[in-house]
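Sequential numbering from 1 along the given sequence is applied to the chain's residues.
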Amino acid sequence: MGRKKGVVDFEEMAPDDFDPANPYKDPVAMLEMREHIVREKWIDIEKAKILRDKVRWCYRIKGVNHLQKCRHLVRQYLDATRGIGWGKDGRHPSLHGPKVEEVDSE
C-alpha cells in the first residue's frame with residue numbers, strides 16, 4: 001500500500017448545474033461550488049505570498065534605492081492582496097467598498 005503517484009484530478013471550472021438563486025436545490029453542486037471557491041481563494045492567497053517574498057527580496061537586495069527599484073513589485077503585491085481573504089460576510093470582492101446611493105430624480 002502506498003500513495004498514488006501523479007496529479008490529483010479535480011475540476012478547474014465551477015459546476016455548471018449550480019443555481020445561485022436556489023443553492024440548496026442541488027446539494028452536490030452546492031458543495032462542488034464551495035470547494036471551487038475555496039480552491040480559487042487559496043490560489044490567490046498563495047500568489048500574494050509569492051509576490052510578498054519577491055518584494056522582501058527586492059528590498060533586501062536594492063538597499064537604499066528600493067523605493068524606485070521595487071515600485072512595480074509593490075504595486076503588483078498590493079493589487080494581488082485586494083479582495084482576497086475569507087471575510088465574515090461572504091460577499092464577492094467586487095461588492096466590498098463604499099455603497100453607492102441612488103438619487104431619485106424628480
Side-chain angles (χ1 to χ4, degrees):
M1 296 247 149
R3 291 184 139 184
K4 285 186 180 179
K5 294 188 179 189
V7 179
V8 177
D9 185 29
F10 62 87
E11 292 289 326
E12 293 186 23
M13 302 301 292
D16 295 331
D17 51 351
F18 179 71
D19 182 17
N22 188 7
Y24 296 106
K25 182 173 82 173
D26 186 4
V28 174
M30 182 185 70
L31 290 175
E32 288 176 355
M33 187 65 179
R34 183 188 302 170
E35 288 176 359
H36 172 74
I37 291 170
V38 168
R39 188 179 318 114
E40 293 299 317
K41 284 186 180 190
W42 275 112
I43 289 171
D44 292 339
I45 289 169
E46 293 302 320
K47 285 180 185 177
K49 285 181 182 179
I50 291 169
L51 285 170
R52 182 182 61 200
D53 291 340
K54 287 182 180 182
V55 169
R56 284 181 181 168
W57 177 85
C58 187
Y59 275 22
R60 204 170 26 239
I61 297 301
K62 301 300 179 185
V64 295
N65 295 328
H66 72 275
L67 293 176
Q68 290 87 17
K69 304 283 183 176
C70 305
R71 184 178 309 243
H72 66 285
L73 288 174
V74 172
R75 285 189 180 144
Q76 286 178 357
Y77 175 65
L78 290 175
D79 290 339
T81 56
R82 284 193 183 98
I84 65 170
W86 299 105
K88 293 183 179 179
D89 55 2
R91 291 184 295 168
H92 191 267
S94 65
L95 300 176
H96 293 274
K99 291 184 179 180
V100 178
E101 295 182 17
E102 295 181 19
V103 178
D104 294 331
S105 60
E106 293 180 19

Quick check for you: to the nearest 0.5 Å, what is the distance between [X] atom [atom1] and [Y] atom [atom2]?
X: Trp42; Y: Lys49; atom1: CH2; atom2: NZ; answer: 6.0 Å
X: Gln76; Y: Leu51; atom1: CD; atom2: CG; answer: 5.5 Å
X: Ile45; Y: Thr81; atom1: CD1; atom2: OG1; answer: 11.0 Å
X: Ile61; Y: His66; atom1: CD1; atom2: NE2; answer: 13.5 Å
X: Lys62; Y: Arg60; atom1: NZ; atom2: CZ; answer: 13.0 Å
X: Arg52; Y: Glu46; atom1: CZ; atom2: CD; answer: 9.0 Å

Are side-chain heavy atoms of Met30 and Tyr24 found at a separation under 4.5 Å?
yes

Candidate list Met33, Glu40, Arg34, Glu35, test side chain to side chain contact (heavy atoms under 4.5 Å, CB included), partner Ile37, passing option:
Met33

His72 vs Arg75, test: side chain to side chain contact (heavy atoms under 4.5 Å, CB included). Steps then yes/no.
CA-CA 5 Å; His72 66 285; Arg75 285 189 180 144; 5.8 Å; no

Non-hydrogen atoms of Pro20 and Pro23 that approach each other most closely:
O-CD, 3.6 Å

Grab the two heavy atoms, one from Lys54 and one from Leu73, that are nearest each other, plus how far apart they are.
O-CD1, 3.9 Å

Before giving the answer on side chain to side chain contact (heavy atoms under 4.5 Å, CB included), spell out for Asp53 and Arg56 the whole-Å C-alpha distance, their side-chain angles and the decisive distance to 0.1 Å.
CA-CA 5 Å; Asp53 291 340; Arg56 284 181 181 168; 4.1 Å; yes

Please evaluate residues Val74 and Tyr59 with respect to the criterion side chain to side chain contact (heavy atoms under 4.5 Å, CB included), reporting the C-alpha separation (whole Å), side-chain torsions for both, the decisive distance (0.1 Å), and the verdict.
CA-CA 10 Å; Val74 172; Tyr59 275 22; 3.6 Å; yes

Taking CG in Asp16 as the centre, count heavy atoms belonging to other residues, nucleotides or ligands within less than 6.0 Å. Is the count above 12?
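Not more than 12 within 6.0 Å, no.
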
Do Val55 and Leu78 share a hydrophobic cluster, counting only Ile, Leu, Val, Met, Phe, Trp and Tyr and linking them when any side-chain heavy atoms are less than 4.5 Å apart?
yes

